[in-house]
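What follows is a short report on a single structure.
Note: hydrogens, waters and symmetry copies are ignored here, and every other heavy atom, side chains too, is used. Fair warning: this is a prediction, and the values are worked out from it, not measured in the lab. The first residue in the sequence is number 1, and the count goes up from there. Each ligand, and each atom within it, is numbered from 1 in the order the structure gives.
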Amino acid sequence: MISVDARPHPYLLDPAHTALVVIDMQRDFIEKGGFGDSLGNDVGRLEAIIPVVAGLIALFRKQGWPIVHTREAHKPDLSDCPPSKIRRGNPSLKIGDEGPMGRLLVRGEPGNQIVDRLAPLAGEIVIDKPGKGMFWATGLEAMLAERGITHLVFAGVTTEVCVQTSMREANDRGFECLLVEDATESYFPEFKASAIEMIVAQGGIVGWVAPLAALEMAAEKQVSHA
Ligand code: TIU
C-alpha cells in the first residue's frame, strides 16, 4: 500500500489493484462548437486542466498502472439517448444535431473524440457511456473485476456532473475512490468546490481528494523504497 496525503485522511493506494479513470476529456466539452458550448458554458475553464490531466496519465503510464478513458457518446441513431436528455437545457444545438465538429455527443464524430493531448494509447480501456455515470450501460464493472481493480483514481470533467456521478456509482460498488482535485474542472467554480466538499465530508462519505503532487510524491517514495 502507498499512503497518499489526501483529505479527509491519508488514502491507501494498492498499486497492484488501482486504475485511473479519466472522465470525458472530449472536444465536445472542452472546445467551442461542442455540446458544452451549446449549453451556454464557458469552455475555457475546462481546457486549463489538460496539462495536469496529462501529468496524471503520464504518472500512471510510468508506473504501468491501468488507465480507463470514458467518452459521453451516443449511437448515431440515438437509440441509447432518452428524449428527456435531448430536450434538457433547451440548447442552441441538441444532441445529434450537426455542429462545427460534427454531430453533438455522437460516437465517432470529430467533436466526440478525446482531446489530442490526452489521446488514449493502445491497450488502455476506452468506454463510450450514454449516461453521466460510467457504469450505466457500459460493461465497465466486469472489465474492472477481470483485472482485479479495487481502487479508482478519478480525473476529468465536469466535477459535479459526470465525475461525481461516476465516483458515487463506484463508491456504491465497493471501490476505494480518490479524486485528483487539480485534474478535474467544472463550468462553475463554486460547483467544483462544493462537489469536493461533499465527497470528503462525513469522514469521506464518497471518497478522498488530493492534488496530483501528493500522488506523485507517494509514487516516488514507493520507487525509492523498492
Ligand atoms: N461529462 C459531463 O460532465 N457531461 C455533462 O453534460 N456535463 C455538464 O456539466 N454539462
Side-chain angles (χ1 to χ4, degrees), residues 20-50 52-53 56-57 67-75 78 80-97 99 101-107 109-115 118-120 125-138 140 152-171 177 179-196 198-199 206-207 209:
L20 171 65
V21 181
V22 183
I23 301 282
D24 300 357
M25 290 298 290
Q26 297 162 263
R27 301 181 68 200
D28 253 325
F29 295 106
I30 294 172
E31 293 184 21
K32 279 201 191 312
F35 178 64
D37 186 28
S38 83
L39 293 170
N41 295 305
D42 169 12
V43 294
R45 294 189 51 77
L46 272 48
E47 206 211 344
I49 65 161
I50 291 176
V52 183
V53 180
L56 180 59
I57 289 173
I67 302 176
V68 178
H69 305 260
T70 71
R71 295 182 293 220
E72 188 170 340
H74 293 284
K75 294 177 182 166
L78 301 185
D80 58 358
C81 187
S84 60
K85 184 174 179 182
I86 299 175
R87 285 192 299 269
R88 195 69 52 80
N90 195 23
S92 53
L93 283 173
K94 292 184 166 58
I95 296 169
D97 284 352
M101 297 189 287
R103 295 180 66 206
L104 258 56
L105 281 199
V106 170
R107 287 186 189 193
E109 297 289 331
N112 204 241
Q113 304 312 309
I114 291 168
V115 294
L118 305 177
I125 299 172
V126 181
I127 294 288
D128 283 323
K129 60 178 186 55
K132 302 303 183 194
M134 67 182 186
F135 288 104
W136 186 64
T138 63
L140 178 60
L152 294 173
V153 174
F154 283 86
V157 296
T158 60
T159 315
E160 81 283 10
V161 183
C162 290
V163 176
Q164 184 171 218
T165 303
S166 296
M167 196 168 169
R168 286 173 182 274
E169 284 186 336
N171 189 47
C177 299
L179 174 61
V180 180
E181 60 194 306
D182 43 353
T184 183
E185 195 48 90
S186 168
Y187 298 120
F188 306 89
E190 66 276 24
F191 289 174
K192 172 180 174 177
S194 297
I196 285 173
M198 287 178 210
I199 287 165
V206 180
V209 173

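- With hydrogens and angles disregarded, no donor-acceptor distance shorter than 3.5 Å links the side chain of Ser194 to the backbone of Phe191.
- For Val161, no nitrogen or oxygen atom sits less than 3.5 Å from a nitrogen or oxygen atom of ligand 1, counting backbone and side chain alike.
- Counting heavy atoms closer than 4.0 Å to ligand 1, residue Glu160 contributes nothing at all.
- Tyr187 places a side-chain N or O within 3.5 Å of a backbone atom of Phe29 that can act as its donor or acceptor partner.
- Distances below 4.0 Å separate heavy atoms of Tyr187 from the following atoms of ligand 1: 9 (O).
- Residue Val157 approaches ligand 1 through these ligand atoms, each under 4.0 Å from one of its heavy atoms: 1 (N), 2 (C), 3 (O).
- By the 3.5 Å distance cut-off applied to N or O atoms, Lys129 is not counted among the residues near ligand 1.
- Heavy-atom contacts of Asp24 reach the following atoms of ligand 1: 1 (N), 2 (C) (cutoff under 4.0 Å).
- Under the 3.5 Å distance criterion, the side-chain polar atoms of Glu169 are matched with a main-chain donor or acceptor of Phe135.
- Protein heavy atom nearest atom 9 (O) of ligand 1, with residue, atom name and distance: Thr158 OG1, 2.9 Å.
- Ligand 1 places these atoms under 4.0 Å from at least one heavy atom of Phe35: 6 (O).
- By the criterion of a heavy-atom distance under 4.0 Å, neither the backbone nor the side chain of Asn41 is placed next to ligand 1.
- A donor-acceptor pair under 3.5 Å is formed between the side chain of Asp80 and the backbone N or O of Lys75.
- Arg103 and Glu109 are not joined by a salt bridge, as no carboxylate oxygen comes within less than 4.0 angstrom of a charged side-chain nitrogen.
- Of the charged side-chain nitrogens involved, at least one lies within less than 4.0 Å of a carboxylate oxygen, so that Lys129 and Asp24 count as a salt-bridged pair.
- Within ligand 1, counting atoms from 1 as listed, the ones closer than 4.0 Å to a heavy atom of Cys162 are 1 (N), 2 (C), 3 (O), 4 (N).
- The closest donor-acceptor contact from the side chain of Ser166 to the backbone of Met134 lies under 3.5 Å.
- The nearest protein atom to atom 6 (O) of ligand 1, hydrogens excluded, is given as Lys132 NZ, 2.9 Å; this is a heavy-atom distance.
- Of the protein's non-hydrogen atoms, Glu72 OE1, 2.9 Å is the one closest to atom 4 (N) of ligand 1.
- At distances below 3.5 Å, not a single donor-acceptor pair connects side-chain atoms of Asp128 with backbone N or O atoms of Ala73.
- Ligand-side atoms of ligand 1 in range of Phe29: 1 (N), 2 (C), 4 (N), 5 (C), 6 (O), range being under 4.0 angstrom from any heavy atom.
- Judged by distance alone, with hydrogens and angles left aside, the side-chain atoms of Lys192 form a donor-acceptor pair with the main-chain N or O of Glu181 at under 3.5 Å.
- Protein heavy atom at the shortest distance from atom 10 (N) of ligand 1 is Leu39 CD1, 4.0 Å.
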